[in-house]
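Okay, so here's the structure we're looking at.
Counting starts at 1 for both ligands and their atoms, following the listed order. For the numbers below, each heavy atom of this structure counts, side chains included, while hydrogens, waters and symmetry mates do not.
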Amino acid sequence: MDKYAVIGHPIGHSKSPRIHALFAEQTGQDMAYEAVLAPLDGFADTVCRLVGEGYRGFNVTVPFKGEAFELADALTDRARRAGAVNTLKVQADGALLGENTDGVGLVTDLVNNLGVAIAGRDLVVLGAGGAVRGVLAPLLALGPASLHIANRTGARAEQLAQDFADLGPVTGGDLDSLKGRQAHVLINGTSAGLDDEVPALPDDLLHVDGGCYDMMYGDRPTAFLRWAAAHDAAWTADGLGMLVEQAAESFALWRGVRPQTGPVIRTLRPVQP
Ligand code: ATR
């Protein structure tokens, strides 16, 4: 039986083993998938050991996506752009191929599952860390009218905008740069939600048809999605769909079969009271 794992630190609450077990069952693939805790200074050693034990591929999560990027023997274009790897595939000769499926996961959830239009729309993305870097290329590929990155530390957003300027109309600035803007699609890629916080946003940031997507998810609505509801967002979504879609892309890379994601998202979605 082929073996796979998600590697992170911490890893206890990862939903990936459940998602991949559901995919394997649905597609009839004979495989095992487990969560592995790597020591903070032992990511590369852990990968080497597991490859030696015959593992065929890995998902990589916080805080190792940058190290996985360094460790990969070859990179896909989107992993190179993202500067981070969330999927490793052990190739026939033992070499490690690095891929990043986070951005395509977000875009698939937005477009296929939620029916959100991106082409010709004004997008605002909050945050300028690794999570945001990973999604910019797939978002720009859909042809938005504009994509503005706003971050607490404005210089990081400006740098990101510069790095992706060849791919589309992208700008960056601090949170004050949001004044006077109207977003059709407002995406939260900050980690402020971990502290149940929202970056300071203008009250009129959302276009009248504008909706809000939080790349994070939780069993309760996140602080950002509570902000969205209080500001009459036309639609809201958390990152559960993105999580399942990025997993489906990894699964397809490893197994050559793309599972159906809708039933898995519905199975994992907590029942709202
Ligand atoms: P990740 O890889 O998850 O993106 P990161 O690189 O640490 O993690 O980035 C976290 C992002 O969340 C950053 O954009 C950070 O803003 P700064 O660049 O100014 O640090 C943002 N962030 C975290 N906590 C925040 C808060 N309480 N309010 C606003 N932004 C916050």
Side-chain angles (χ1 to χ4, degrees), residues 6-11 13-16 38 40 43 59-72 78-87 98-107 109 123-140 147-164 170-179 181 183 186-203 205-206 212-218 221-228 230-231 238-240 242-243 246-247:
V6 57
I7 306 174
H9 187 122
I11 200 65
H13 293 292
S14 172
K15 290 194 194 303
S16 293
L40 285 175
F43 173 72
N59 282 131
V60 182
T61 186
V62 177
F64 298 128
K65 291 183 190 186
E67 282 187 66
F69 177 86
E70 300 295 334
L71 187 66
R78 54 193 192 198
R80 196 171 293 114
R81 271 282 179 187
V85 157
N86 79 333
T87 307
E99 167 65 298
N100 191 312
T101 65
D102 287 328
V104 94
L106 168 65
V107 161
D109 192 37
L123 272 52
V124 169
V125 179
L126 306 173
V132 168
R133 176 176 284 273
V135 301
L136 290 177
L139 283 173
L140 288 167
L147 190 164
H148 184 71
I149 308 164
N151 192 45
R152 186 173 59 181
T153 311
R156 291 184 81 193
E158 285 166 26
Q159 181 63 50
L160 261 190
Q162 217 171 324
D163 292 350
F164 285 82
V170 54
T171 52
D174 60 14
L175 295 173
D176 280 344
S177 72
L178 291 170
K179 286 196 181 114
R181 286 185 186 273
L186 175 62
I187 299 171
N188 178 35
T190 73
S191 52
L194 296 175
D195 301 321
D196 208 32
E197 287 177 6
V198 192
L201 304 174
D203 284 330
L205 178 56
L206 280 180
C212 290
Y213 192 101
D214 198 340
M215 286 164 59
M216 294 213 353
Y217 69 90
T222 61
F224 174 69
L225 292 185
R226 296 199 304 274
W227 180 93
H231 291 79
D238 69 12
L240 179 65
M242 173 178 176
L243 180 75
Q246 64 78 27

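The side-chain heavy atoms of Leu186 and Trp227, taken from C-beta on, include a pair separated by under 4.5 Å. In this structure the side chain of Asp238 never reaches within 4.5 angstrom of the side chain of Met216, judged on heavy atoms.
The shortest contact between atom 2 (O) of ligand 1 and any protein heavy atom is with Gly130 N, 3.3 Å. Distance from atom 27 (N) of ligand 1 to its nearest protein heavy atom, with residue and atom name: Glu197 OE1, 2.8 Å. When hydrogens are left out, the protein atom nearest atom 25 (C) of ligand 1 is Arg152 NH1, 3.3 Å; that is the closest non-hydrogen contact. Here the heavy atom of the protein found nearest to atom 21 (C) of ligand 1 is Thr190 CB, 3.7 Å. For atom 9 (O) of ligand 1, the closest heavy atom belonging to the protein is Gly129 CA, 3.6 Å.
Between the side chains of Asp214 and Thr222, at least one donor N or O sits under 3.5 Å from an acceptor N or O.
One finds the CG atom of Leu106 at 12.0 Å from the CG atom of Leu243 (value rounded to the nearest 0.5 Å). In this structure, CG on Leu136 lies 4.5 Å from CD1 on Ile149, to the nearest 0.5 angstrom.
Here the side chain of Asn100 pairs no donor or acceptor atom with the backbone of Arg78 at under 3.5 angstrom.
The distance criterion of under 3.5 Å between nitrogen or oxygen atoms is not met by Pro199 with respect to ligand 1. Considering backbone and side-chain N/O of Ser191, one or more are found under 3.5 Å from N/O of ligand 1. Residue Ala131 places at least one N or O, backbone or side chain, under 3.5 Å from an N or O of ligand 1. Between Ala128 and ligand 1, at least one N/O pair is under 3.5 Å apart.
Those atoms of ligand 1 that come under 4.0 Å of a heavy atom in Asn151, given as number and element, are 13 (C), 14 (O), 15 (C), 16 (O), 17 (P), 18 (O), 19 (O). Atoms of ligand 1 lying under 4.0 Å from at least one heavy atom of Arg156, given by number and element, are 6 (O), 13 (C), 17 (P), 18 (O), 20 (O). Close approach to Gly127 involves these atoms of ligand 1, each under 4.0 Å from a residue heavy atom: 14 (O). If you number the atoms of ligand 1 from 1 as listed, the ones under 4.0 Å from a heavy atom of Thr153 come out as 17 (P), 18 (O), 19 (O).
Classification of the Phe64-His9 ring pair by plane angle, with boundaries at 30° and 60°, yields perpendicular.
Shown here for Ala131 and Gly189, the closest heavy-atom pair between the two residues is CB-O, 4.1 Å. Between Ser177 and His148, the shortest heavy-atom distance links the atoms OG-NE2, 2.8 Å. When every heavy atom of Ala161 is checked against every heavy atom of Val170, the shortest pair comes out as O-CG1, 3.5 Å.
Atom 7 (O) of ligand 1 is not flagged as protein-proximal [any protein heavy atom, distance under 4.0 Å].
Under a 4.0 Å heavy-atom criterion, Asp195 is not in contact with ligand 1.
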